[in-house]
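The structure appears below as structure tokens.
Reckoned from all heavy atoms, side chains included, excluding hydrogens, waters and symmetry mates. Lettering of chains follows the sequences in order, A, B, ..., and the numbering in each one begins at 1.
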Number of protein chains: 2
Amino acid sequence: MKLTTKGRYAVMALADIAKFDRNSPISLRDISLRQGISLLYLEQIFSKLRKNEIVKSVRGSSGGYILTKNPEQIKLSNIFSAVDEKVKTVNCKKESKKGCNGKSSKCITHNLWDELELHINDFFNKKNLGDLVKGKNENTI
Amino acid sequence: MKLTTKGRYAVMALADIAKFDRNSPISLRDISLRQGISLLYLEQIFSKLRKNEIVKSVRGSSGGYILTKNPEQIKLSNIFSAVDEKVKTVNCKKESKKGCNGKSSKCITHNLWDELELHINDFFNKKNLGDLVKGKNENTI
DNA sequence: GTTAAACTTGACTATTTTAGTAAGGTATAT
DNA sequence: ATATACCTTACTAAAATAGTCAAGTTTAAC
């Protein structure tokens, strides 16, 4: 069970932006250098973030990306869903008519995984970008 | 972010055993049939569970596996660590001397992922096999 | 108006992980 | 004896991940 880099990088990059003034756009090149993430990969990620209105882009030279809202208003769950990072514990939900393993009832651990998903999503719903940059003067990049 | 089948199957199989009398061994063949898990795959999983003393084996015909403890004493975290299912959110912990991305300080989201890991592990520490089989007369396999 | 920095898009690919399968053992209750 | 059950090692197809590559378009600034 692990987090993919897509979700991690998205959060890292947005936290990077959040550390700066909201009005001037931050270029992906700068983020790439500061965070050590491939520029081309960042472009993929930001394409999704823009489509999901987490950021807006400013084109042209000295362009870049700006957060659409205050960091406090951007929940981590919003970011993860934007880049298709999902918490997935069971694959027995689709065939809701027939139950989990093709049998007529739910598998014995079904409720457990549901609870786990809720537990994790709860965490992501409670955390926002603002929480991450509060200690921005500390020993963090 | 998802759970692998190894962890899921281990919990399912152990919950299956927990539903029965503790004294008579349950064969993998029966579990395989009831839970719809490949017998050969179950053997791999139970090999690890046995080495980690979650179950003990009884050989010979009408043999099988028995839980080493009461279901209430077997935490899900024990099961997951036995089958190498780990919660992994960051890969920036090994090089503790140099920081996360080879730089001298921690990455901006480092603490976040630590918190998440704790949050999830907390869940697995609180749940035990007994919790799963309590409602064993309900509509579950 | 040119230019260069920056974003946009779509296709492609190597590596790794997952989810098993296959084959051939060994132990033991009946 | 022998069938049932566990044990071990090796192998592999498929999927997901983590990017790269190439060829654009847009626009601020000079």
Tightest non-hydrogen contact, residues A:Gly63 and A:Pro25, listed as C-CB, 3.8 Å
In whole Å, I'd like the distance from the CG atom of A:Leu40 to the P atom of D:dG24.
16 Å
Distance check: side-chain N/O of B:Arg29 vs OP1/OP2 of D:dC6, anything under 4.0 Å?
no
If you only use heavy atoms from C-beta on, which nucleotide in D:dA16, C:dG20, C:dT8 is closest to the side chain of A:Ser57?
C:dT8
Using the side-chain heavy atoms of B:Ser62, tell me which of these nucleotides is nearest: C:dA29, D:dC7, C:dA6.
C:dA29
So B:Leu33 and B:Arg29, do their side chains get closer than 4.5 Å, heavy atoms only?
yes
C:dT21, C:dA19, D:dT20: which one has an atom nearest the side-chain heavy atoms of B:Thr4?
C:dA19
Let me spell it out: for each of A:Gly63 and A:Lys6, pick the nucleotide of DNA chain D with the closest heavy atom. Which residue's pick is nearer the 5' end?
A:Lys6
Atom-to-atom span, CZ of A:Arg50 to P of C:dA6 - whole angstrom
17 Å
Sugar-phosphate, base or nothing in reach of A:Tyr65, heavy atoms under 4.0 Å:
sugar-phosphate
Is B:Tyr9 close enough to C:dA19 that one of its side-chain N or O atoms is under 4.0 Å from OP1 or OP2 there?
no
Looking at the base of C:dC7, is there any donor atom on it, or on the side chain of A:Glu43, that sits under 3.5 Å from an acceptor on the other one?
no
Nearest-Å distance for atom pair CG/P, residues A:Leu39 and D:dC21:
13 Å
Out of C:dT30, D:dT8, D:dA5, minimum distance to the side chain of B:Lys51 belongs to D:dT8
Mapping A:Ser47 and A:Ser61 onto DNA chain C by nearest heavy atom, which one lands closer to the 5' end?
A:Ser61
Out of C:dT21, C:dC7, C:dA6, whichever nucleotide has its closest atom nearest the side chain of A:Arg59
C:dC7
Within this structure, what is the NZ-to-P distance between B:Lys48 and D:dT9, rounded to whole angstrom?
12 Å
Atom-pair distance (CD1 on B:Ile26; C1' on D:dA5), nearest Å:
14 Å
Both B:Ser38 and A:Leu28 contact DNA chain C. Which one's nearest nucleotide lies toward the 5' end?
A:Leu28
Measure the spacing between CZ of B:Phe80 and CZ of B:Phe124 and express it to the nearest 0.5 Å.
4.0 Å
Taking the nucleotide of DNA chain D with the nearest heavy atom to each, does B:Gln44 or A:Tyr41 sit closer to the 5' end?
B:Gln44
Could you give the CD1-to-P distance, from B:Ile37 to C:dG20, as a whole number of Å?
9 Å
Please identify which of these residues, B:Leu116, B:Leu3, B:Leu118, B:Asn121, meets the side-chain contact (heavy atoms from CB on, under 4.5 Å) condition with B:Val87.
B:Asn121
Of all heavy-atom pairs between A:Ile45 and A:Lys6, which one has the smallest distance, and what is that distance?
CG1-CG, 4.0 Å
Rounded to whole angstroms, how far apart are CD1 on A:Ile45 and C1' on C:dT9?
16 Å
Same cluster for B:Ile66 and B:Leu42 if Ile/Leu/Val/Met/Phe/Trp/Tyr side chains link at under 4.5 Å?
no
Between P of C:dA19 and CG of B:Leu42, the distance in whole Å:
14 Å
